[in-house]
There are 2 protein chains.
Amino acid sequence: MDLKQLRYFRTVAEEKQVTKAAKKLHMAQPPLSQQIKLMEEELNLKLFDRQGRKLELTKAGEILFEKAARLLTEFDETLIEVREISEGMRGKMHIGSTKSCFSYLSAALNLFKTQHPNITYQLREGDTYFLEECIKNREIELAIVRMPMHSDEFNVLKLPSEPYVLVAPESWNISSYDDAVEFEDLRDVPLMLLHRISGRGQFELIVDEFRDHGIEPNVTCECPDATMLLSLVASGVGATIVPESTLKAFALHHTKSYQLTGANIKAESAVIWQKERYLTKASQRLIKTLEDQFCYV
Amino acid sequence: MDLKQLRYFRTVAEEKQVTKAAKKLHMAQPPLSQQIKLMEEELNLKLFDRQGRKLELTKAGEILFEKAARLLTEFDETLIEVREISEGMRGKMHIGSTKSCFSYLSAALNLFKTQHPNITYQLREGDTYFLEECIKNREIELAIVRMPMHSDEFNVLKLPSEPYVLVAPESWNISSYDDAVEFEDLRDVPLMLLHRISGRGQFELIVDEFRDHGIEPNVTCECPDATMLLSLVASGVGATIVPESTLKAFALHHTKSYQLTGANIKAESAVIWQKERYLTKASQRLIKTLEDQFCYV
DNA sequence: ACATAACATACATAAAAAGTATGAAAGGAG
DNA sequence: CTCCTTTCATACTTTTTATGTATGTTATGT
């Protein structure tokens, strides 16, 4: 038995008449009679008790009628849900972000949620290498990561580059200016730097920049998580250098930030997702949101 | 979309391959590919992400797959339930009985329940006239009633006739014998008799019998409910005359019963159900049980 | 690079559903 | 009670849909 027959049966049971039901279904009466008969033959039972020209449901028919309503609405609702998911209006998105890029994601989601109230999120956090692997494993669909990347099997939407800033404990006095430091000022400052668990990343860029300025940085701590670093700064353990937006997202009390005068490096970040793979409408829209928000300003 | 397509989809999603799925479904591969394509066109979305020759479910496809399992099993279970109801192996039976015939019903149900453990019951109680109306209104399918009946639109299975017995308070001394009375003994005894709310019934039969013996009965109470009468007897209010089986089902302490010597009337009861109407298998079986239990002994 | 395996397409065939015409039986009006 | 209308059922035809066969195309692995 298929759903068409079940719908037919429901209408006949509602109308208690084949003729009326046929009209309601925009079809001729004989095929409807026939389909009901076929159902009865398939089930090997009577669904209707034919009393002259009146049709009354049998016990079995009554039960089927009750269940049919439920089954059919559940079915219809499923189709609606599936369509909505496909339209990106519903469902759970799986997104990754490095901590240092998190402000982009939180800003984008903040905008996105008003336009897509039925979308929920599953977030992954980790360094660029880790998130690349997550995408390859299909654990997440897209991620916002720090450059440089390892693999080239991704579509890449570059977000605008931003300066690095130095963050030091409030109590420290490391510069003659109020809001800027020169590399020379940092010669002996204990530095704690972001460092990926595996692969080359910002760490190497920053260290190289120091060397270009003729200074060997005093790196006292390497850590993959920006918020941990900032917390260490707040405790007075050392200073750190992070992208400006990272600081904006996780600025802590008892810390103070400085621009890096004469710095040639910029922090680069990007939205990445796998090439040649079907991307949900929801993800396509989120990427569009990120692009509109950060790339055309 | 119909259920056949949903089953196809489920199989393909399980096998992650059209070819294997087609084999499992005992069909050729092209029609299966085509049906999946039709589903996608109808929903206007992709259910599978075609990666070369690999098929992977999209988000929408995943949701449909999850829901499909539920929908299909619910559907199959519904069909099973409907079939069982039609077979009389499941469902709720609507049965009526006069109180005075209740022992037949309780005995029959006691036997029936072991053979039909999934059947439940909805009971109605009242006088014969009332139960006839209940059947006509489709509130119950069958009833066990006292004769005589009013209408002839019923199929009637007569149960064996049984003698009436006199029930009196234990303390009374109304007979010279231990377990029998003659009509003569009852000349002044206060009698409480079953009397239908409407229509002629046993009451008239019993009164006529008294008159045939030249005695005008001293009727002090008319009541439609046998158990109320018996309770009144136990309290010492009066004596009553009820069918033997009624007494068996509701015998109370502090009462004593006597055979009616010289009585020509018998209590008649019957199972009735509506003519020309579809009767559930369960009811057919219960009638058979009653027949086997009481008519062939 | 070639063989193999898998999905897609094109076309033919078979099955199923819907339509048309018509018959039978029930219910209502005169 | 008879006739007319209504309604369901049946017989047959047409249309639509589903399936099967043959074959092409593309990716994967040897």
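Note that the structure is a prediction, hence the values are computed from the model and not measured. Every chain is numbered from 1 and lettered A, B, ... according to where its sequence line falls, protein lines coming before strand lines.
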The nucleotide from D:dT21, D:dT19, D:dA9 with an atom nearest the side chain of A:Ser33 is D:dA9
Establish whether the base of D:dA9 is bridged to the side chain of A:Gln29 by a donor-acceptor pair shorter than 3.5 Å.
-> yes
Starting at CD of B:Glu56 and ending at P of C:dA6, how long is that distance when rounded to a whole Å?
-> 16 Å
Touch check for B:Gln17, heavy atoms < 4.0 angstrom, all strands: base, sugar-phosphate only, or nothing?
-> sugar-phosphate
Look at B:Lys20 and C:dA6 and indicate whether a side-chain polar atom (N or O) is within less than 4.0 Å of OP1 or OP2.
-> no
Which of the following nucleotides, C:dA6, D:dT10, C:dT20, is nearest to the side chain of B:Thr19?
-> C:dA6
Please state how far atom CG in B:Leu38 lies from atom C1' in D:dT16, giving the value in whole angstrom units.
-> 13 Å
Side-chain touch B:Glu15/B:Thr11, heavy atoms, less than 4.5 angstrom | yes
Length of the line joining B:Arg7:CZ and D:dA18:P, which is rounded to integer Å | 15 Å
Give the rounded distance in Å between these two atoms: CG of A:Leu32 and P of C:dG19.
-> 10 Å
Find the distance A:Lys4:NZ to C:dA17:C1' and express it as a whole number of Å.
-> 6 Å
Do the side-chain N and O atoms of A:Thr128 and A:Glu132 include a donor-acceptor pair separated by under 3.5 angstrom?
-> no
From the list D:dA22, C:dC7, D:dA11, which nucleotide is the closest neighbour of the side chain of A:Pro30?
-> D:dA11
Could you give the CD1-to-C1' distance, from B:Ile36 to C:dA8, as a whole number of Å?
-> 13 Å
Residue B:Leu55, side-chain heavy atoms: nucleotide from C:dA18, D:dT21, C:dC7 that is nearest | C:dC7
With a 4.0 Å cut-off on heavy atoms, is A:Tyr8 in touch with a base, just the backbone sugar-phosphate, or nothing at all?
-> sugar-phosphate
Presence of donor-acceptor pair under 3.5 Å, side chain of A:Gln34 and base of C:dA17 = no
For the pair made of CZ in A:Arg50 and P in D:dT7, what is the distance, rounded to whole Å?
-> 16 Å
Check the pair B:Lys67 / A:Glu81 against salt bridge (charged side-chain N to carboxylate O under 4.0 Å, His left out), numbers first and verdict last.
-> CA-CA 10 Å; B:Lys67 303 272 175 176; A:Glu81 191 178 339; 3.3 Å; yes
Does any donor atom in the side chain of B:Thr19 or B:Gln29 lie under 3.5 Å from an acceptor atom in the other side chain?
-> no
For the residue pair B:Glu125 and B:Thr98, confirm or rule out a side-chain donor-acceptor distance under 3.5 Å.
-> no
When rounded to whole Å, the CD to P distance for the pair B:Glu40 and C:dT9 reads 11 Å
Closest to the B:Pro31 side chain: C:dT9, D:dT21, D:dC8?
-> D:dT21
